[in-house]
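Working notes, structure below.
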Amino acid sequence: MAAISAARTNPAARIIALDGATRLGAKILVAGGGRCNVTHYEVDERQYAGSSPTAIKRVLRRFDVPQTIAFFESHGVTLKREETGKLFPTTDDAHTVLNALLQAARIGNVHVRHPWRAGAITRENGCFQICPHQAPEAVGESPKDVPHAAIAARRVILATGGKSLPRTGSDGQGYTLATAFGHTITPRTTPALVPLTLPRDHPLCSLSGLTLQATLEVRSGTSKKIKAFTNSTLFTHFGLSGPAVLDISRCYTHAKADDPQTRLTLNVLPGIAPDALETLLIDARTSRITIARFLTELPSPLAERLARVLCMLAGLDPATPTPTLTREQRRSLVDAATQYTLPITGDRGYIYAEVTAGGVPLSELHLDTMESRACPGLHLCGEICDVDGRIGGFNFQWAWASGYVAGVAAAKPAAGLDAAAPT
């Protein structure tokens, strides 16, 4: 998007887009289960974390959702809105999105070089030299391993991503390039939108493949509610995944780092208040059904295997008749179903994270141009910045918006006619 916007702004400029990933557009192709969640129908700064909401808003409003929709429609990609508010291509194929971007780049005469990985960037007398990365052991092995020549440019845009999904090319190299020009990286850089892990022998791991609507809530050591999400939750062999888990992961990880007593609770019956559930248990005494059956016959019925696991977590036999439950046992079952403290052991790391929390603070950039305050002529956009959004297309919208702002500013004739955009 940065390269395309630069080309549209200044057709006379020579725009080079460098992509060092093994596969061009790999992160687009894996997004949304291969469908690519292009954006969300309603995007605002409240859906993001990292830098200040005010700063994020300033960038987002420069290229909003209607502009995103219009951009892709102009290249033959129509979007559809799903119940969740996510916008996907009507083809349900991420290749449609990638092909549209490549088409826009071709129309703008953007020179796409791939694979071309930037190893180092230097600046002297107002001109940047972008040197290729070359593994020493690979040099000279075959013609394709011959090092590329360095590229000279008056303007450079860093759109390298953070550390998430490193196999797609974003492995943290962008941070090295940015810090070489005086930028800082936030003290804490962590995986975000990432599955969470439990002890492998935990009963919940036996529910692998089961999905349900659930509420996940981060609570401080003093039991203060910090954040909560209610959405689809997937039990896996390693722990938990699904939209609710991915959304809560960043908040939990950072809150835990600040307060080791922070805990994450699970409510598998978000539609039933704890007191109401206890009342239903008391009323069920007349039916003399087992507690396992009781859980499968609720207004929001639970799967039988989940009901059995909840009984186990509450220290109860699933075959126990409801009339025999003591008040303490009822309370234990209610707690297990509505506020069970998950023994989280960690997360699945950057390999499985959809985005990186942390990066270059927006305070180090001129927000109207995304130009570096530390190094004139250097612009930054996308995930390398300290901005990360919720699941649902918000991170793509940040990419389109920040890329647009950086591209337009870098290619203005007054800025110089050459620009290079390592992506």
Side-chain angles (χ1 to χ4, degrees), residues 1-21 23-29 31 36 38-39 59-60 62-79 89 91 93-118 121 127-128 130 132 148-149 151-161 169 174 368-371 377-384 396-423:
M1 181 58 78
I4 292 165
S5 300
R8 289 183 169 188
T9 300
N10 187 356
R14 183 167 184 262
I15 312 298
I16 302 174
L18 307 175
D19 196 313
R23 188 178 187 187
L24 193 65
K27 198 168 264 190
I28 290 172
L29 296 179
C36 189
V38 174
T39 188
V59 178
L60 289 174
R62 291 283 303 281
F63 194 86
D64 57 18
V65 173
Q67 288 171 288
T68 297
I69 294 172
F71 169 82
F72 282 102
E73 283 187 346
S74 71
H75 291 284
V77 181
T78 55
L79 302 177
T91 59
D93 186 352
H95 288 87
T96 305
V97 177
L98 176 58
N99 291 338
L101 291 167
L102 293 176
Q103 177 192 62
R106 285 193 295 271
I107 292 173
N109 292 317
V110 173
H111 301 266
V112 179
R113 298 189 182 180
H114 168 262
W116 206 108
R117 181 176 171 84
I121 305 175
C127 184
F128 293 93
I130 305 165
H148 301 290
I151 296 173
R154 297 182 187 174
R155 294 265 162 168
V156 170
I157 302 173
L158 291 182
T160 59
D368 55 341
T369 60
M370 301 302 285
E371 185 174 11
L378 178 69
H379 301 252
L380 293 84
C381 62
E383 193 183 336
I384 191 173
F396 268 124
Q397 186 59 40
W398 171 254
W400 313 139
S402 61
Y404 168 82
V405 173
V408 168
K412 285 183 177 179
L417 295 181
D418 291 323
T423 54

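Only heavy atoms go into these numbers, but all of them, side chains included; no hydrogens, no water, no symmetry mates.
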Take R113 and L18, measure what side-chain contact (heavy atoms from CB on, under 4.5 Å) needs, and give me the verdict at the end. CA-CA 5 Å; R113 298 189 182 180; L18 307 175; 3.9 Å; yes

Please report the shortest heavy-atom distance between A409 and H379, naming the atom on each side. CB-CE1, 3.9 Å

With a 4.5 Å heavy-atom cut-off, do C381 and I157 have their side chains touching? yes

Correct closest heavy-atom pair for D368 and R62 would be O-NH1, 2.9 Å

Using only atom types and a distance under 3.5 Å, with no angle test, would you say the side chain of D19 pairs donor to acceptor with the backbone of H114? no

Do any N or O atoms from the side chain of E371 and from the backbone of G377 form a donor-acceptor pair under 3.5 angstrom? yes

For A399, the side chain to side chain contact (heavy atoms under 4.5 Å, CB included) test, sequence neighbours excluded, returns none

Roughly how far, to the nearest 0.5 Å, is the CD1 atom of I69 from the CG atom of L79? 6.0 Å

Shortest non-hydrogen separation from L98 to L24 and the atoms involved: CD2-O, 3.5 Å

Out of curiosity, N99 CG to T91 OG1, how far, rounded to the nearest 0.5 Å? 9.5 Å

Residues passing the side-chain hydrogen bond (donor to acceptor under 3.5 Å, both in side chains) test with R117, sequence neighbours excluded, are D171

Smallest separation among heavy atoms of S402 and V59, with atom names: CA-CG1, 3.8 Å

Using the side chain to side chain contact (heavy atoms under 4.5 Å, CB included) criterion, which residues pair with Q67? Sequence neighbours excluded. F63, D64

My understanding is that only residues two or more places apart in sequence, or in another chain, count here; which of them pass side-chain hydrogen bond (donor to acceptor under 3.5 Å, both in side chains) with S74? none

Can you name the residues that form a ring pair (Phe, Tyr, Trp, His ring centres under 6.0 Å) with W398, not counting sequence neighbours? none

With respect to V77, which candidate in T96, L101, V38 satisfies the side-chain contact (heavy atoms from CB on, under 4.5 Å) definition? T96

Minimum-distance pair of heavy atoms, taken over all atoms of I15 and A6: CD1-CB, 3.8 Å

How about I151 and W116: do any of their side-chain heavy atoms sit closer than 4.5 Å? yes

Atom pair CD1/CG of I121 and L378 - distance to nearest 0.5 Å: 7.0 Å

Sequence neighbours excluded, the answer for side-chain hydrogen bond (donor to acceptor under 3.5 Å, both in side chains) partners of T9 is none

By side-chain hydrogen bond (donor to acceptor under 3.5 Å, both in side chains), D93 pairs with (sequence neighbours left out) H95

With sequence neighbours excluded, tell me which residues meet ring pair (Phe, Tyr, Trp, His ring centres under 6.0 Å) with H111. none

By side chain to side chain contact (heavy atoms under 4.5 Å, CB included), which residues pair with N109, not counting sequence neighbours? none

Of all heavy-atom pairs linking H75 and Q103, the shortest is ND1-OE1, 3.0 Å

Any P89 side-chain heavy atom under 4.5 Å of F72 side chain: no

Is the shortest heavy-atom distance from the side chain of F71 to the side chain of I4 under 4.5 Å? yes

By side chain to side chain contact (heavy atoms under 4.5 Å, CB included), S5 pairs with (sequence neighbours left out) M1, Y404, V408

